[in-house]
**Student:** 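Below is one structure. I have some questions about it.
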Amino acid sequence: MVRKRLADLEGLSEREVDVWPARFDRTHSTREIRESYGHLEADARTGQTAAVAGRVRLVRDFGRLVFITLSDQTGDLQLFVSGDHLAAESAELLPHLDLGDWVGATGEVITTRRGELSIGVDQLTLLAKCLAPLPEKWKGLRDVEQRSRHRHLDLVVNPESRQTFEIRSAVVAELRSQFHQRGFLEVDTPILTSRAAGAAARPFRTHHNALDIELYMRIATELYLKRLVVGGFERVFEIGRIFRNEGVDSSHNPEFTMLESYQAFADYRDVMDLVEEVIPAVARAATGATVVGREAADGPSVPLSLEPPFRKVSMLDLVSGQMGEEVTLDTEPHILGEMAASRGVETREGWGAGRVIYELFDRLSAPGLWEPTFVVDYPLEVSPLARRHRREPRLTERFELFIAGVEFANAFSELNDPVDQLSRFENQASLLGADDPELHPVDEEFVLALAYGMPPTGGLGLGVDRLVMLLTGRTHIRDVILFPTLRPTENPLWKTYRRLLARRFADLS
RNA sequence: GGGGCUGUAGCUCAAUUGGCAGAGCAACGGGCUUUUAACCCGGAGGUCGUGGGUUCGAUUCCCACCGGCCCCA
């Protein structure tokens, strides 16, 4: 097949047709044609000439008359190609036209007898040859792995996939706009760092040759951004790729996109207000609504409102409700341990009440949080970068936002006391165990920065990929990342193609 | 880490109680001037994921391996 299409191409170039033209003067997108002429009756002529360009998706060939469905980024349009009206050079091209070819078409805007808006083509130009066969036209490309692996084909044949990434672009654009509007300075902090810090996660390691040092790809942007607040940038944010050397599943990709923001003189209550404004604004900008359809695990799509105010509930109240009896930081550890064990939640020797309560929350309560919910006041042990709660020092001023059982945001009143911060870092060692791969050496530069004084600050981390999933109804993160991380494989087409293309290359030289 | 499912033509999928491998679309040849996933006729296309084992015979049964999907931890 490739051989035949290459032969077509050679045949055309021998007839002095430019088969790889450098440009084409398009006058209209297919959408513009539809918008300007969509109202026409059947069998109409407009006398208006237009030039459109796109990929050949369908061909209905009647011999002397050919209908072509042309597809560009904005939609589809029919080409009406009658042998009687086609310029001679274009007529030569027609028999060599294949599904998938990029063409330009010039002619009158008309409708057919059946009323289909069309271009009555008199000039047809090959813009680029499709040498490889496109996926099947009915079912397209279904296999989820193939769709991620060959994203270019997925985008050609699956319009809903194109739409997903258009929404993703709108989400990122609106996030950026929301933070700029509020006076946040957008910054870029290092991806290659000398130590991975700011989260509990395994980093990717790499090596810098000239400096001969180990480098780690960032697992968070948090510590750098807070150093900028120390430096006097009172509002900063970064939308950036984060890398965590961990497993891949429906909500985790080794590289993903996170927004982090920090604002001086604010606490976590202010950050809640911010999130309540930003999330609905982004939803409106990206989808036109603040209600999304979300499929329950075992049921049909249920509408989910993103309109504020969001529910606010403390972790202790939530866990108490879940357990059916009051749970506090003073609840005896063995009682908490029994609660966990009787519900199949594993705990470890030496965990304090806060750690066990967090585990109960994470395993039992969080998955059931359907409507947008701020869970507030996290135990100190699981929040090493958050300020102690102003009324209960064993808790922190921290919240996470849950929607449809998934964590979307994590935020706190930032810890700015360098003494407390250092002791928290050093306690992590005893908590995680000295050989835990998620344990990182203390970031000295960060602690020293705090020693110069960081104003009270409210910080936020927001998962961009998960937000896109929510707004597009996708349940797998790989559906919202253009090129998700995959095990490399050899494309079975490659051997054939390489041989054929190489032969053609040899003929040319 | 545990469990379940899965890999067959370029794509989407069948079939086989172990006996010549099937369809639609795409591609190829032919026909057709109003189609909408056009239609009609014809021919072609396969390392049945890889490697072993059992068997007269394995795509099918068994084992291992390589991918992938889902659920649980």
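Chain letters run A, B, ... following the sequence lines, proteins first and then strands; every chain starts at 1.
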**Student:** Using Watson-Crick or G-U wobble geometry with both distances under 3.5 Å, which nucleotide pairs with B:G1?
**Tutor:**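 Because both required distances fall under 3.5 Å, B:G1 counts as paired with B:C72.
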**Student:** Between the side chains of A:Gln322 and A:Arg363, is a donor N or O closer than 3.5 angstrom to an acceptor N or O?
**Tutor:**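 No.
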**Student:** I'd like the P distance from B:U60 over to B:U8, given in whole Å.
**Tutor:**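 Here B:U8 and B:U60 have their P atoms 14 Å from each other.
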**Student:** Quick one, which residues of residues 61-84 of chain A touch RNA chain B with a heavy atom under 4.0 Å?
**Tutor:**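 The stretch gives A:Asp61, A:Phe62, A:Gly63, A:Arg64, A:Leu65, A:Phe67, A:Gln78, A:Phe80, A:Ser82, A:Asp84 as the residues lying under 4.0 Å from the strand, ordered by number.
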**Student:** Of A:Gln146 and A:Thr112, whose closest RNA chain B nucleotide lies nearer the 5' terminus?
**Tutor:**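 The residue whose closest nucleotide sits nearer the 5' end is A:Gln146.
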**Student:** Might you point out which heavy atoms bring A:Leu471 and A:Ala283 nearest each other, and give the distance in Å?
**Tutor:** CD2-CB, 3.7 Å
**Student:** So what's B:C25 paired with, Watson-Crick or G-U wobble, going by both distances under 3.5 Å?
**Tutor:**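 Here B:C25 is engaged in a pair, and the nucleotide opposite it is B:G10.
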**Student:** Determine the Euclidean distance between corresponding C1' atoms of B:G19 and B:G57; express it in Å to zero decimal places.
**Tutor:**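 To the nearest whole Å, 7 Å.
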**Student:** Counting heavy atoms not belonging to A:Arg162, are there more than 12 under 6.0 Å from its CZ?
**Tutor:**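 More than 12 within 6.0 Å, yes.
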**Student:** Check every strand shown and say whether A:Arg57 touches a base, only sugar-phosphate, or nothing at a heavy-atom separation below 4.0 Å.
**Tutor:** nothing
**Student:** Count the heavy atoms of every other residue, nucleotide or ligand shown that sit under 6.0 Å from CZ of A:Arg31, and state whether that count exceeds 12.
**Tutor:** no
**Student:** In whole Å, measure the gap between the C1' atoms of B:A9 and B:A14 for me.
**Tutor:**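 These two C1' atoms come out 13 Å apart once rounded.
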**Student:** Tell me whether the rings of A:Phe374 and A:Phe399 are parallel (<30°), tilted (30 to 60°) or perpendicular (>60°).
**Tutor:** perpendicular
**Student:** Look at the side-chain N and O atoms of A:Arg363 and state whether any lies under 4.0 Å from the OP1 or OP2 oxygen of B:C72.
**Tutor:** no
**Student:** So, A:Arg398 versus A:Asn410: side-chain donor-acceptor pair below 3.5 Å or not?
**Tutor:** yes
**Student:** For the side chain of A:Asp98, starting at C-beta, report the closest nucleotide among B:A26, B:C70, B:C28.
**Tutor:**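 Nearest to the side chain of A:Asp98 among the choices is B:C28.
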**Student:** When you compare B:G2 with B:U17, how far apart are their P atoms, in angstrom units rounded to a whole number?
**Tutor:** 35 Å
**Student:** What nucleotide, of B:A26, B:U12, B:A38, holds the atom closest to the side chain of A:Arg60?
**Tutor:**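 Nearest listed nucleotide: B:A38.
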**Student:** If you assign A:Ser118 and A:His476 each to the RNA chain B nucleotide with the nearest heavy atom, which residue ends up on the more 5' nucleotide?
**Tutor:** A:Ser118
**Student:** Mind listing the closest non-hydrogen atom pair of A:Thr112 and A:Ser118 along with its distance?
**Tutor:** CG2-OG, 3.5 Å
**Student:** With rounding to the closest Å, how many angstrom separate the P atoms on B:G49 and B:C13?
**Tutor:**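 Result for the P pair: 16 Å, nearest Å.
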**Student:** What interatomic distance, in whole Å, is found between P of B:U55 and the corresponding atom of B:C69?
**Tutor:** 38 Å
**Student:** Hunt down the Watson-Crick or G-U wobble partner of B:C48, both distances under 3.5 Å, from any strand shown, or write none.
**Tutor:** none
**Student:** Which is true for A:His85 with a 4.0 Å heavy-atom rule: it touches a base, it touches only sugar-phosphate, or it touches nothing?
**Tutor:** nothing
**Student:** Checking base pairs now: Watson-Crick or wobble, both atom distances under 3.5 Å. What partners B:C61?
**Tutor:** B:G53
